[in-house]
Number of protein chains: 2
Amino acid sequence: MLSTTEENYLKALLQLTMEDGLKPEAGTNELATHLGVKPATANDMLKKLREKKLIHYEKYGKSSLTTQGRKLAIDVVRKHRLWETFLYEKLGFSWDEVHEVAEQLEHIQSQKLIDSIDRLLHYPTYDPHGDVIPTASGEMKMPYRKTLLEEEVGHTCKMVGVKDNSATFLRYVDQLGLSMHNHIRILAHQPYDNILEIEVNGKKASVGQRFAENIIIVCDDCERKPAPKKRRKN
Amino acid sequence: MLSTTEENYLKALLQLTMEDGLKPEAGTNELATHLGVKPATANDMLKKLREKKLIHYEKYGKSSLTTQGRKLAIDVVRKHRLWETFLYEKLGFSWDEVHEVAEQLEHIQSQKLIDSIDRLLHYPTYDPHGDVIPTASGEMKMPYRKTLLEEEVGHTCKMVGVKDNSATFLRYVDQLGLSMHNHIRILAHQPYDNILEIEVNGKKASVGQRFAENIIIVCDDCERKPAPKKRRKN
DNA sequence: CTCATTTGTTAGATTAGCCTAACTTTTATA
DNA sequence: TATAAAAGTTAGGCTAATCTAACAAATGAG
């Protein structure tokens, strides 16, 4: 059985090693910063998790999850996102309130509990922030995530997720009148300072780089690859 | 903010000081046993809780909750029982499964969460074991709890609760075909070894003292005091 | 290629919650 | 009421998770 702290380190490592760049390892300082602890603290934990065969790590090297560790990390993420969905769908929480409480709930140890929540919600695929909920068997598809910043001028796109789950950011999104699955038109993009002019629900707004990087979209106008047909075994 | 451990000590103290005898204080060893720790450990915590003005305690004396401490303890109990009810009503847990998970859930810190659960359940008054759920304002009525052992031969009574929430005990109750609000007839009572013969749902069974002490009943045949009219202030 | 900066590690301390062993106070019984 | 048993306390130690300060290795810029 893992401690809450150990679970948090695994989750952090998963998140850092599957960020956009798809870089497969994370540094000690990076991990420490992400978790809000000092590097020395993270260092101790890395050694401990290596002992438990949950991560690959060697002195002065980067860290990554073992198969075992990845499985456990995905399970924590699954619980987190199911709880977020529960709070949002069943209890009327707003999307900027769910993260904090889910940080606590994700550590409750009861397989039956999380399976029941999953059933109650009819096996949801996405959480309120548009993130994929891993399946009970530990599969977690990593969809390509294009951000608003990358969209071309003149195109319209649909918001399907956010990268930043902080209440501050999410409330700013709300404030702009933007919400999940809204369509956004890119009116202009000043390359010099990366300011975008966008139109949402008929209203214009200007947003900065940091904002645009944290909005995940699918392009309305782009070529769409046909969904690959599921091939049956033999 | 209290730690999970501190909350558990307060809850234990509340439970011990409102048991049947209504004795208003609990000893250090008693508390330690209840929590599964050594007396030395409990002693440290008692000093800490006194510092925080949550309990009355002095060297070599018994302990009891202050008004502040009682308020916090009742809040933990409220959360515990609401979660049990949630698990039972909404997720299909059996009554012997809810306690263990609720022990974890009761420590989640979010007023909004517990209020929402309360609303979702339509403000329940009793948990699946027949225990009173304290109100949001911290009121907790302590109903008179007569046990099966105290019932007279020939009378029938209704099971309205249990004292022991352990899975072992609850599964034994299930096994006898007995469940909440079932009627029980006392066929015989051997005073020598406190064995009761009872009839439940047309079936006879013999149960021992320990069992009978842990079933809470209301007498079908006894005089019932009329419910006292709520007197309005003025 | 060198050396300053960044990154990572080690050593030693702290706090919370737990323990054992030895001691002290209270209580209850002979 | 004396004293043994029960109840409670203290001292000292352990582990997990954190910190600071000092040190070591890797990196990258000139």
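Throughout, a chain's letter reflects where its sequence line sits, starting with A, and its residues are numbered from 1.
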Quiz prompt | Sequence-distant partners of Ile216(B), side-chain contact (heavy atoms from CB on, under 4.5 Å), two or more places apart | solution = Arg145(B), Val160(B), Lys163(B)

Quiz item: If we only count heavy atoms from C-beta on, is the Leu196(A) to Val207(A) side-chain gap below 4.5 Å?
Solution: yes

Practice problem: List for me each residue that meets ring-ring contact (aromatic ring centres under 6.0 Å, His included) alongside Phe211(B), sequence neighbours excluded, and say none if there are none. | Solution: Phe169(B), Tyr172(B)

Quiz item: What are the residues of residues 99-107 of chain A, sorted by number, that bring a heavy atom to within less than 4.0 Å of DNA chain D?
Solution: none

Quiz item: Heavy-atom contacts under 4.0 Å between residues 27-34 of chain A and DNA chain C, which residues?
Solution: Gly27(A), Thr28(A), Asn29(A)

Exercise. Give a yes/no answer on whether the side chain of Tyr9(B) brings an N or O atom under 4.0 Å of OP1 or OP2 in dC18(C).
Key: yes

Practice problem: Within residues 48-61 of chain B, find the residues that approach DNA chain C with a heavy atom at under 4.0 Å, and present them sorted by residue number. | Solution: Lys48(B), Tyr60(B)

Quiz prompt | Minimum side-chain heavy-atom gap Asp118(A)-Pro124(A) below 4.5 Å | solution = yes

Quiz item: Phosphate oxygens OP1/OP2 of dT9(C): is one of them under 4.0 Å from a side-chain N or O of Lys47(A)?
Solution: no

Exercise. Would you list the pairs meeting salt bridge (Lys or Arg N to Asp or Glu O under 4.0 Å) in which at least one residue belongs to residues 36-50 of chain B, sequence neighbours left out?
Key: Glu6(B)-Lys48(B)

Practice problem: Please collect all side-chain hydrogen bond (donor to acceptor under 3.5 Å, both in side chains) contacts where either partner lies in residues 91-102 of chain B, sequence neighbours excluded, each pair once. | Solution: Lys112(A)-Glu97(B), His80(B)-His99(B), Glu84(B)-His99(B), Ser94(B)-Asp96(B), Ser94(B)-Glu97(B), Trp95(B)-Asp174(B), Asp96(B)-Arg171(B), His99(B)-Glu103(B)

Quiz item: Between the side chains of Asn194(A) and His189(A), is a donor N or O closer than 3.5 angstrom to an acceptor N or O?
Solution: yes

Quiz item: Taking only residues two or more places apart in sequence, or in another chain, which ones meet Glu139(B) in a side-chain contact (heavy atoms from CB on, under 4.5 Å)?
Solution: Thr135(B), Ser137(B)

Quiz item: Which residues satisfy the side-chain contact (heavy atoms from CB on, under 4.5 Å) test with Asp115(A), sequence neighbours excluded?
Solution: Arg78(A), Gln111(A)

Quiz prompt | Pairwise side-chain hydrogen bond (donor to acceptor under 3.5 Å, both in side chains) hits with a residue in residues 57-73 of chain A, at least two apart | solution = Asn43(A)-Tyr57(A)

Quiz item: At what angle, to 10 degrees, do the two end axes of the helix from dC1(C)-dG30(D) to dA30(C)-dT1(D) meet, given five pairs define each axis?
Solution: 10°

Quiz prompt | Between Glu7(A) and Thr4(A): side-chain donor-acceptor atoms closer than 3.5 Å | solution = no

Quiz item: Going by heavy atoms in the side chains, are Trp83(B) and Ile117(B) under 4.5 Å from each other?
Solution: yes

Quiz item: Looking at DNA chain D, which of residues 38-46 of chain B put a heavy atom within less than 4.0 Å of it?
Solution: Pro39(B), Ala40(B), Asn43(B)

Quiz item: Any side-chain N or O of Lys62(B) less than 4.0 Å from the OP1 or OP2 oxygen of dG8(D)?
Solution: yes

Quiz item: Is it true that atom CZ of Phe93(B) has more than 12 heavy atoms of other residues, nucleotides or ligands lying nearer than 6.0 Å?
Solution: yes

